[in-house]
Structure formats: C-alpha cells, structure tokens
Amino acid sequence: DIRMTQSPASLSASLGETVNIECLASEDIYSDLAWYQQKPGKSPQLLIYNANSLQNGVPSRFSGSGSGTQYSLKINSLQSEDVATYFCQQYNNYPYTFGAGTKLELK
Amino acid sequence: QVQLQQSGTELVKPASSVKISCKASGYTFTSNYMHWIRQQPGNGLEWIGWIYPGNGNTKYNQKFDGKATLTADKSSSTAYMQLSSLTSEDSAVYFCARSRGFRGPWFAYWGQGTLVTVSS
C-alpha cells in the first residue's frame, strides 16, 4: 500500500496568515492526489484534485502543488471558516489511501 | 444537484451484521462509481472499495475482504454496504462517495455519513 505522510499533524495560525500543509507519498503517485477539508461532524469536501486543480466552488485562496512523491496544500489569507482538518488522498494505486490529517486551528 | 443520502445511525451487537444504504440522486447512477470510506473515532479515513452499479463490478481494499460486501439496486439508485462479523473495531462512521472512474477518480460528492456502533 502507498503510505501518505502528512505534516504537520496540527497547526495553529492567525487570521490572514498563509498556511502550508505537506503530504509525502511512499512512492511516485504521478500527481494523482486530492485534498479534502473536513469540519467536525461533517463529511469531507473536495478542494483540489490532480494535485493542483481547484474544484468548482472552492475559494481561490486554496491551491495545490507538487509532483512525484511530494505535495502541498497552501491556504492564503486564512479565514475563520478554514478551521478544519485537511486530508490528502492518493488515487494512483489500489488501495486508495489517505494521509492521517492536519488539524488547523486559529491562534 | 448530486445528492447522496445515507441511512441512519445503527447500534448493533458484536458478531452480527449490518447493511447501510446510500441513495443517489441528481446524476446517472449506473455510469459512476460508488465508493465506501470508513472513519474510526478520532482517526483518519480508510478506503473500503467501490461498486460500479452499471454492471455490479466491485473492487475491495484487501483489508476489508470478507468484512464488507458492496451491492447496488439500479431500480432505486441505491448502493448498499453490508458489514459482517462485527466487532468493536468496526465502530465508525461510514461514508459513501461518488467518483467518475478514470474520468475523475477523486471524490467530489459524499454522503453525510452513517455512524455504526458495535456494542453488547
């Protein structure tokens, strides 16, 4: 199975700050990577697919980048509604696997 | 608009089985893949498998072979997941999620989740 290692596990940031979350795959996943946002008690919501494509309706302050085994999610100008847990997921190989999540809180 | 409506909370006894449902609307049920994903309390997400309702084909995460069985009813646009030989380890929230297969293997639409609690 492809192991997805996310960092940091938790993050505290101020409103308006820029935040970066990293995801490292145990092997090359050829940009077959998605990012999801999950708020407490809710289902995950797709933010980014194919490593850097913004899902329809997602604010442009979210962006994704990376290739090979290293990927990142960037949130510009952090808003209060961005408080959530973020997961990366690879779909290059079965079984699909997720990172353990990054919990983002406001400072 | 695409909607995935899951069945309600289940409280079940150890060693029993449970079948949860996911009713799809707003798109062609038979031309898309339905996936199931598990989220244990305080834990991350695990992919269980998918079913293609158009022909009933399935693909499972080996970890869930023998634990989960995926089916679909085309007449009601409903996907089902049966979990068998339940233990406390199976207590979790289970989500259904739609993908478009090779045209879009990511999960753009999710159900609201079904909480399964295994307890005597």
Side-chain angles (χ1 to χ4, degrees), chain A residues 1-10 21 23-25 29-58 62 64 66 71 73 84-104, chain B residues 1-7 9 20 22 24 26-27 32-52 57-65 67-68 70 92-115:
Chain A
D1 297 4
I2 296 176
R3 189 171 56 256
M4 305 298 290
T5 303
Q6 259 185 263
S7 60
S10 62
I21 298 169
C23 188
L24 178 67
I29 58 171
Y30 303 95
S31 298
D32 290 338
L33 182 102
W35 289 97
Y36 301 89
Q37 176 194 69
Q38 186 179 32
K39 297 183 179 180
K42 300 293 187 182
S43 52
Q45 300 295 308
L46 177 68
L47 300 174
I48 302 285
Y49 60 93
N50 288 347
N52 59 16
S53 296
L54 192 67
Q55 172 67 356
N56 287 345
V58 174
F62 291 92
Y71 300 87
L73 174 71
T85 299
Y86 294 83
F87 295 95
C88 60
Q89 178 235 336
Q90 67 82 19
Y91 44 85
N92 180 254
N93 231 330
Y94 290 119
Y96 294 166
T97 47
F98 293 83
T102 295
K103 187 172 184 179
L104 174 59
Chain B
Q1 72 282 22
V2 174
Q3 288 191 332
L4 301 176
Q5 183 65 38
Q6 295 186 231
S7 51
T9 298
I20 60 181
C22 172
Y27 72 97
N32 290 267
Y33 291 73
M34 191 68 80
H35 299 249
W36 291 87
I37 294 120
R38 177 172 86 172
Q39 187 166 39
Q40 292 172 309
N43 282 6
L45 299 157
E46 288 182 285
W47 177 76
I48 296 170
W50 56 249
I51 184 166
Y52 186 73
N57 282 357
T58 55
K59 177 75 174 177
Y60 292 93
N61 182 338
Q62 265 193 314
K63 178 176 180 176
F64 293 92
D65 264 341
K67 169 64 66 179
L70 306 184
V93 176
Y94 292 86
F95 295 100
C96 59
R98 190 201 86 167
S99 83
R100 298 178 66 213
F102 70 92
R103 297 167 295 156
W106 46 87
F107 307 135
Y109 298 96
W110 295 66
Q112 82 276 22
T114 296
L115 174 63

Open item on the list: Run Tyr91(A) and Trp47(B) through side-chain contact (heavy atoms from CB on, under 4.5 Å) and show every step you take.
Closed with: CA-CA 10 Å; Tyr91(A) 44 85; Trp47(B) 177 76; over 6 Å; no

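Under the rule for a side chain to side chain donor-acceptor pair (under 3.5 Å), the partners of Tyr86(A) that lie at least two apart in sequence or sit in another chain are Gln37(A). Residues meeting the side chain to side chain donor-acceptor pair (under 3.5 Å) test with Tyr27(B), sequence neighbours left out: none.
Contacts of Lys59(B) with chain A are made by side-chain atoms alone, with heavy-atom separations under 4.5 Å and no backbone atom involved. Contacts of Gln62(B) with chain A are absent, with no heavy-atom separation under 4.5 Å from either backbone or side chain.
Within residues 99-110 of chain B, the residues having any heavy atom closer than 4.5 Å to a heavy atom of chain A are Pro105(B), Trp106(B), Phe107(B), Ala108(B), Trp110(B), listed by residue number. Within residues 41-51 of chain A, the residues having any heavy atom closer than 4.5 Å to a heavy atom of chain B are Lys42(A), Ser43(A), Pro44(A), Leu46(A), Tyr49(A), Asn50(A), listed by residue number.
In this structure, CZ in Phe87(A) is found 11.5 Å from CD1 in Ile37(B), a value given to the nearest 0.5 Å.
Within a 6.0 Å radius of OH in Tyr30(A), no more than 12 heavy atoms belonging to other residues, nucleotides or ligands are found.
When Gln39(B), His35(B), Glu46(B) are compared by the number of non-hydrogen pairs under 4.5 Å with chain A, Gln39(B) comes out ahead.
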